[in-house]
Amino acid sequence: MDIEQFRKAGYAAVDAICDYYQTLSERPVKAQVQPGYLLDKLPKEAPAQGEPFHEIAAAFQNDILPGITHWQSPQFFAYFPANSTFEGMIADLYAASVSNPGFNWICSPACTELEQVVVDWVAKMLGLGPSFWTSSGVGGGVIMGSASEAALTAAMAARERSLRRLAGHEHAAENGQIEVPDEIRQKYGQKLVIYGSTQTHSLGSKAAIMLGLPFRAIPVSAEDGYSLRGDAVRKAMEADVADGLVPFLVIATVGTTSSGAVDRISEIGEVLKDFPTTFLHVDAAWAGVAYALPEYRELLRLSELNEYVDSFATNLHKWGLTTFDCTLLYVRDRQDLTQTFDVTPAFLRSKEADAGEVIDYRNWQIALGRRFRSLKIWFVLRSYGVEGFQRHLERGISQCKQLAEAVRQSTTFELVTKPSLALLVFRLSPSSRSDLTNDTLNVLNQRLHDRLNARYDVFLTQTVLHSVETNIFCIRFAMGGVRTTFEDVQATWSIVEAEGEEVLKDWDERSVE
Ligand SMILES: *Cc1c(COP(=O)(O)O)cnc(C)c1O
């Protein structure tokens with residue numbers, strides 16, 4: 001494709017994308033295809049001769065779009081939203097146009113310096129304390145692809161920090177790396193333990209698998225709103241220490257995936273004072289962006305985060321208007337990252353880095369190369385402004401409040417947990433039927449979910465809330481879509497209500513037989 005062909009094909013692509021967005025609300029939210037639909041349709045080998053581009057573009061419409069679940073649909077309420085904006089899409093196009101691996105400053109100075117600027121913009125918008133700002137020279141932020149990657153990165157940094165502490169030295173000599181002595185690594189390397197709760201996202205177990213270390217999923221209670229408490233952390237750690245193990249990382253969550261619970265950061269932080277080899281990472285993949293709203297900072301324990309936490313991650317690609325993928329990882333001390341990831345062979349040395357004048361982000365992450373993601377944050381924040389970003393968040397929260405009211409009014413449904421920002425967790429539980437046990441309600445809600453799942457015009461995800469008291473099967477309704485109106489929420493809620501009635505009717509008929 002030459003420049004003039006690209007010009008034409010590019011305009012046509014933008015037109016096709018506009019048509020897609022114009023018809024998005026008319027499309028059923030879920031893909032209506034069977035497994036293997038595309039495998040059966042496409043040739044088994046790449047074409048020997050090149051094909052005309054208009055045919056390739058047409059195949060996107062004909063072959064690919066039918067197999068797309070429309071995350072950008074105003075009626076998408078499953079998982080969490082994955083907001084994409086036109087600003088983010090255009091930024092990704094520009095980033096692709098200067099495609100480069102940006103692993104150090106000299107690779108493309110703008111990639112590094114724009115990242116430094118925008119991670120601080122976001123840190124300040126969220127109210128993170130100055131120690132997390134890159135401009136502090138001590139801590140700072142780095143953009144990654146996912147919260148799981150951020151947690152693994154934090155876990156690797158935590159492991160090295162605890163080994164350094166076990167070896168009795170923490171800080172590097174001027175500009176130097178600290179080697180952890182082999183005997184310390186051999187003695188403690190396999191004794192380290194990660195802690196989280198039963199509500200921690202699978203990123204906790206995955207980080208543990210990657211490091212070959214155990215993950216303790218500490219039980220929580222419904223009474224505490226499914227939050228991890230300090231006492232429970234202390235108990236688990238004391239038991240491990242008694243067995244000769246070494247706590248090295250707690251992953252606390254602000255806004256759990258199942259129900260939006262917020263762990264008790266200060267309680268955990270106080271406990272960790274007695275376990276100084278332990279690092280505290282906060283996973284706020286979904287809810288972290290809501291720190292942009294000052295009135296929610298207390299609820300989400302921002303001052304505790306600023307006081308106690310070593311690292312913090314949030315996804316701008318969920319509720320934060322920034323086209324996938326865009327996770328921010330902030331650390332209080334960048335040496336935790338550089339002491340772990342700075343491996344510099346001669347061919348990667350540069351005079352700017354040697355002089356300590358620039359950041360080489362390759363030393364803050366697992367991979368060497370990296371995408372130019374700061375551009376989309378820059379475009380989005382400049383186009384929306386902090387106030388526009390806040391209004392977007394408020395809209396999702398307000399829709400959730402309205403839906404919560406409808407559930408409270410309903411005689412067939414109940415809220416299982418308090419509404420959390422834009423996430424509502426509810427279940428079928430008819431108020432007139434006190435004879436139904438929790439086990440029966442779990443069965444009925446599973447049936448409700450099966451019925452909803454069989455439809456293409458709704459997409460809601462189920463969850464099971466595990467607690468020391470019991471297990472509750474429930475349904476999640478995640479608002480916060482950029483294009484979602486309350487009418488969209490209501491349309492889906494009406495379907496849920498109708499399907500709920502069917503489940504109950506069916507249950508009663510079968511009971512009579
Ligand atoms: C979505 C989510 C994750 C996973 O995020 P990825 O970026 O896909 O790894 C982790 N933790 C929480 C609390 C989440 O909501």
Side-chain angles (χ1 to χ4, degrees), residues 69 71 76-84 88 122 126 141-156 194-210 215 217-218 220 225-228 249-265 280-291 299-301 305 309 311-330 365-367 370-371 373 376-377 393 396 400 417 420-425 459-463 465-466 476-481:
T69 288
W71 283 68
F76 183 94
F77 301 112
Y79 309 103
F80 280 125
N83 292 170
S84 187
V122 176
L126 302 185
V142 51
I143 310 174
M144 304 194 160
S146 73
S148 307
E149 182 187 345
L152 174 62
T153 306
M156 292 174 72
I194 307 181
Y195 302 82
S197 82
T198 53
Q199 308 299 305
T200 305
H201 187 270
S202 58
L203 56 70
S205 321
K206 282 201 185 173
I209 291 168
M210 297 287 284
F215 175 78
I218 301 171
V220 294
Y226 300 90
S227 306
L228 181 60
L249 171 65
V250 176
I251 300 177
T253 309
V254 168
T256 57
T257 313
S258 274
S259 69
V262 179
D263 290 344
R264 306 289 184 98
I265 299 170
L280 180 54
H281 175 69
V282 163
D283 170 27
W286 162 64
V289 294
Y291 285 124
L299 179 80
L300 301 175
R301 303 181 182 277
L305 185 114
V309 166
S311 63
F312 160 79
T314 190
N315 286 349
L316 290 185
H317 64 236
K318 278 183 166 167
W319 196 9
L321 295 172
T322 311
T323 305
F324 190 84
D325 51 355
C326 196
T327 295
L328 296 175
L329 171 66
Y330 290 95
Q365 64 173 24
I366 296 167
R370 51 209 317 280
R371 282 165 31 76
R373 299 186 181 96
K376 54 193 173 187
I377 303 178
L393 298 173
C400 183
T417 54
S420 174
L421 303 170
L423 173 66
L424 203 68
V425 180
F459 195 8
L460 297 171
T461 32
Q462 81 276 26
T463 192
L465 282 170
H466 299 280
R476 299 165 70 265
F477 202 123
M479 285 147 277

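Whatever order the structure lists them in is the order used to number ligands and atoms, beginning at 1. Computed from a prediction, not measured in an experiment: that's the story for all the values here. Excluded from the calculations below are hydrogen atoms, water molecules and symmetry mates; all remaining heavy atoms, backbone and side chain alike, are included.
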Peer 1: Just wondering, do L316 and L328 contact through their side chains at under 4.5 Å, heavy atoms?
Peer 2: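 The answer is yes; the side chains approach within 4.5 Å.
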Peer 1: Around atom 8 (O) of ligand 1, find the nearest protein heavy atom and jot down its residue, atom name and distance.
Peer 2: S146 CB, 4.4 Å
Peer 1: With side chains defined as the heavy atoms from C-beta onward, is the minimum distance between W319 and L393 less than 4.5 Å?
Peer 2: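 Result yes, sub-4.5 Å side-chain heavy-atom pair found.
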Peer 1: For atom 9 (O) of ligand 1, what's the nearest protein heavy atom and its distance?
Peer 2: S148 OG, 2.6 Å
Peer 1: Does E149 reach ligand 1, in the sense of a heavy atom lying below 4.0 Å from it?
Peer 2: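 In this structure, E149 fails to qualify as a contact of ligand 1 - no heavy atom is under 4.0 Å.
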Peer 1: Indicate the ring-plane relationship of Y79 and W71, choosing parallel, tilted or perpendicular according to the 30° and 60° boundaries.
Peer 2: parallel
Peer 1: Check whether any side-chain heavy atom of Q199 sits under 4.5 Å from a side-chain heavy atom of V220, and report yes or no.
Peer 2: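 Result yes, sub-4.5 Å side-chain heavy-atom pair found.
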Peer 1: Among all protein heavy atoms in this structure, tell me which lies nearest to atom 11 (N) of ligand 1, with the distance rounded to 0.1 Å.
Peer 2: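 Sorting protein heavy atoms by distance from atom 11 (N) of ligand 1 puts D283 OD2, 2.6 Å first.
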Peer 1: Suppose we measure from atom 10 (C) of ligand 1 to each protein heavy atom; which comes out shortest, and what is that distance?
Peer 2: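 Result: H201 CG, 3.2 Å.
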Peer 1: Should I377 and C326 count as side-chain neighbours, where that means a heavy-atom distance under 4.5 Å?
Peer 2: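 Result yes, sub-4.5 Å side-chain heavy-atom pair found.
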Peer 1: Does a donor on one side chain and an acceptor on the other come within less than 3.5 Å for T253 and D283?
Peer 2: no
Peer 1: Under a 4.0 angstrom heavy-atom cut-off, which atoms of ligand 1 come close to T257?
Peer 2: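 Taking each heavy atom of T257 in turn, ligand 1 has 12 (C), 13 (C), 14 (C), 15 (O) under 4.0 Å.
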Peer 1: Considering only protein heavy atoms, which is closest to atom 6 (P) of ligand 1, and at what distance to one decimal place?
Peer 2: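 Going atom by atom, the protein heavy atom closest to atom 6 (P) of ligand 1 ends up being A147 N, 3.5 Å.
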Peer 1: Which of the numbered atoms in ligand 1 are below 4.0 angstrom from a heavy atom of G255?
Peer 2: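 In order of numbering, the contacting atoms are 13 (C).
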Peer 1: Got the closest protein heavy atom to atom 1 (C) of ligand 1, with its distance?
Peer 2: K318 NZ, 1.4 Å
Peer 1: Suppose I only count heavy atoms of L203 and a 4.0 Å limit; which atoms of ligand 1 are within that range?
Peer 2: 10 (C), 11 (N)
Peer 1: Side chain or backbone of D325 under 4.0 Å from ligand 1, or both, or neither, by non-hydrogen atoms?
Peer 2: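 Neither; no heavy atom under 4.0 Å.
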Peer 1: Where do P81 and M479 come nearest, in terms of heavy atoms and distance?
Peer 2: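 What the structure gives for the nearest pair is CG-O, 3.6 Å.
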Peer 1: State, yes or no, whether a side-chain contact exists between F215 and K206 at a heavy-atom distance under 4.5 Å.
Peer 2: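 Side-chain contact under 4.5 Å: no.
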Peer 1: Any side-chain heavy-atom pair from Y291 and V254 closer than 4.5 angstrom?
Peer 2: yes
Peer 1: Is there at least one pair of N or O atoms, one from T256 and one from ligand 1, spaced under 3.5 Å apart?
Peer 2: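 There is no such contact.
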Peer 1: Which ligand 1 atoms does F80 reach within 4.0 Å, using its non-hydrogen atoms?
Peer 2: 15 (O)
